[in-house]
Amino acid sequence: MNKTFKRILLAFLSSTMLSSCGLLSYFDSTSSSTNIEDIYPDLPLTPGDKDSWEYLKNEDGTVDEWDLEWYVNDSTFAWNSYGSDRVSQIIKEKTGAKIKFTVPVTDDGQKLSTLISGNKLPDIISVQCWYTQCSQLANQGYLYPLDGLIERWAPSFKEKEQEDIWNYFTEGDGYCYGVPNFAYSTKYVNDTDKMEPNGCLMVREDWYKEALSAGYDMTSAASFIEGCKYIATKHNDAIPFQLDAFTTEGNDSVDWLAQYFCAPYEDKEGNYLDIRTTERYQEMLEFLNKCHKEGIIKSENYSAKSAAIRTNISRGNCFVTAVTPQDYQMAFLNAYASGVNYVPLILKNKDNQAPILQDISGNGYLLTMITRNCKNPDKAIKLLEYLYSEEGQRLVAFGVEGESYYWNEDHTQILWSDRYVSGVNGNAEDQAWINTLGLYNMTLLMNLAYINKYKPLNGRKATDIYIDNMKRPLTPYSYNFKPTFLKHDTSREDYFSITTSFNKIKTKWAEALVDIIRSNDWKTDYNNAITYAKKLGLDKVITFYSESYVTTKQLLNVEYGYPQNRPDYVEPEYKGPNGDFSYWRGAVHE
């Protein structure tokens with residue numbers, strides 16, 4: 001999982017690139033006064049007695065080829081084997097779509113800006129779902145409402161909708177204009193289902209056992225610091241405490257540690273809180289300040305880039321990391337290959353409360369939309385239905401049933417085929433065949449909640465099992481943070497001024513974090529940072545976000561968002577400083 005994908009889990013705590021892309025004035029000068037019922041082309045309607053893509057077939061069973069342009073607003077998206085691999089060939093056989101993908105060279109927003117300002121949007125676009133362009137494009141008449149497309153040309157799509165996610169992305173006019181990928185709908189994952197955390201502390205297991213033997217379990221701030229100091233004296237090459245890179249957006253380690261210290265985003269009455277203003281957040285900052293003063297955070301950490309951190313983890317030099325493990329997956333695998341094993345670590349606040357960690361679920365990353373420039377909207381919606389269907393999901397993730405995978409007898413679990421397992425285990429011919437399948441390339445409508453539910457567990461290597469289970473012991477401490485993905489009213493006149501203030505505050509706070517952590521008087525520097533944020537409009541931002549928080553909770557049908565405030569909250573049973581290893585899947589931790 002790359003950095004971009006991880007960011008979606010804090011998506012609605014960040015904001016839009018709209019004003020920086022120079023699009024605000026363009027959108028303001030564009031209006032959508034056309035009757036919504038008059039925008040659809042006069043094409044034959046599609047019946048609903050079978051999957052809509054089945055109506056693309058000719059009498060002889062073939063499907064006519066048609067061209068589709070698809071813009072993906074993510075420079076990291078690539079499907080290099082498109083057209084030659086098995087997955088893309090079957091998509092074409094099923095739908096006839098011959099897709100041409102385009103992506104920006106860099107993620108600075110300029111390519112999307114150019115497409116919009118020149119009215120050159122292609123047939124389908126996929127844009128980060130928290131970008132305000134998504135709402136603006138819908139409200140200003142650049143997109144087809146999916147509701148109307150489905151009603152006319154894909155009525156079978158209706159039964160496949162993930163209602164909670166679609167409701168979340170419904171605009172003020174009552175229509176839904178896009179489908180997100182990587183969204184976790186309650187259709188597949190109940191709110192009560194436990195999932196692994198997104199980011200967490202990981203500790204080198206062999207060194208940790210040495211710290212334990214010396215009397216440091218490191219589950220309290222004081223014990224953590226002493227344990228790190230102890231390892232630093234024993235191992236000259238040790239980096240006692242590795243934080244993630246400090247960027248203009250802040251620091252991920254600070255975000256995850258705030259969750260370990262139970263910094264709430266909601267008060268006891270259910271009102272929105274900016275976690276930076278809470279006592280628990282301040283307690284976390286004080287902890288980091290002590291870590292700095294004790295020398296367990298090295299000075300080079302404050303300027304280190306992700307590549308340097310990746311190298312440190314790969315070499316096994318890090319004693320404790322507070323990074324997002326999936327962002328450094330290959331680094332952890334490299335360490336594992338050299339005999340260095342990392343396990344999770346529980347750290348508690350001064351009141352010994354169990355951590356409240358954010359799980360990996362979210363409302364989506366890229367929102368895929370059909371533009372009014374689309375030459376074949378009746379076929380495009382059929383393509384989206386196929387890719388969105390469970391059949392399409394199995395294809396893009398597991399390949400072809402009977403070839404690369406099959407169902408077990410009671411149809412409750414998918415298993416890899418013998419040939420696939422043979423390839424995974426090193427058979428050169430079968431490995432080459434696996435490479436022709438093209439799995440996990442078409443991610444633009446990928447439903448991880450469904451895929452992970454049925455993901456085959458047979459034939460995995462030790463490295464696959466290790467990566468799959470790294471964070472699972474902390475599952476009892478992990479909760480859905482969906483209420484933090486705020487649904488803003490983008491039609492408000494003050495929305496863009498609030499957004500501007502938020503961005504300025506975010507940038508200044510990112511700068512202040514380093515100063516606070518390294519400060520001789522952290523509390524004074526913290527208070528100064530809060531005062532400056534207020535000058536930039538923090539109070540107005542909090543008021544606006546508080547209203548968005550009420551709306552978001554109503555959409556989610558929850559009274560309390562923060563787990564500790566929920567009536568059914570029970571602190572997890574403590575199973576040890578590294579979590580509960582009974583959550584390991586497909587293996588037993590030794």
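Below, each value reflects all heavy atoms present in this structure, side chains not excepted, and no hydrogens, waters or symmetry copies.
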Would you call [X] and [Y] a salt bridge, using N to O less than 4.0 angstrom?
X	Y	answer
R566	D568	no
E391	R394	no
D468	R460	yes

Please determine whether ring pair (Phe, Tyr, Trp, His ring centres under 6.0 Å) holds for the pair F157 and Y388, giving the CA-CA distance in whole Å, both sets of side-chain angles, and the decisive distance to 0.1 Å. CA-CA 9 Å; F157 202 159; Y388 194 75; 5.4 Å; yes
Apply ring pair (Phe, Tyr, Trp, His ring centres under 6.0 Å) to the pair F398 and Y454, showing each step before the final yes or no. CA-CA 10 Å; F398 312 132; Y454 294 105; 8.3 Å; no
In terms of heavy-atom contacts, does [atom1] of [X] have more than 12 from other residues, nucleotides or ligands at under 6.0 Å?
X	atom1	value
K455	NZ	no
N271	CG	yes
K158	NZ	no
E65	CD	yes
D42	CG	no

Is the backbone N or O of [Y] less than 3.5 Å from a side-chain atom of [X], with the two atoms forming a donor-acceptor pair by type?
X	Y	answer
T95	K92	no
K98	W66	no
S185	K187	yes
E171	C176	no

Is NZ or CZ of R372 both nearer than 6.0 Å to the six-membered ring centre of Y142 and within 45° of the ring axis?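 The answer is no, since R372 fails at least one limit relative to Y142.
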Establish, for the pair K194 and Y479, whether the NZ or CZ atom is under 6.0 angstrom from the six-membered ring centre and no further than 45 degrees off its axis.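 Because its charged atom sits under 6.0 Å from the ring centre and within 45° of the axis, K194 does stack over Y479.
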May I ask you to test the [X]-[Y] pair for a side-chain heavy-atom distance under 4.5 Å?
X	Y	result
P355	Q259	no
Y177	S135	no
L384	I370	yes

If you apply the rule ring pair (Phe, Tyr, Trp, His ring centres under 6.0 Å), what do you find for Y386 with W53, and how did you get there? CA-CA 7 Å; Y386 177 70; W53 65 84; 5.0 Å; yes
Y569/Y562 under ring pair (Phe, Tyr, Trp, His ring centres under 6.0 Å): CA gap, chis, key distance, verdict: CA-CA 10 Å; Y569 174 75; Y562 191 64; 8.4 Å; no
Residue list, side-chain hydrogen bond (donor to acceptor under 3.5 Å, both in side chains) with T46, at least two apart or on another chain: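 With neighbours one apart ignored, the set is K382.
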Applying the salt bridge (charged side-chain N to carboxylate O under 4.0 Å, His left out) test to K553, which of E559, E266, E547 qualifies?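 The residue from E559, E266, E547 that satisfies salt bridge (charged side-chain N to carboxylate O under 4.0 Å, His left out) with K553 turns out to be E266.
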Do S478 and E196 have side-chain N/O donor and acceptor atoms under 3.5 Å apart?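 No, no side-chain donor-acceptor contact under 3.5 Å.
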Which atom names give the shortest non-hydrogen contact between P104 and V72, and what distance separates them?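 In this case the closest contact between P104 and V72 is CD-O, 3.1 Å.
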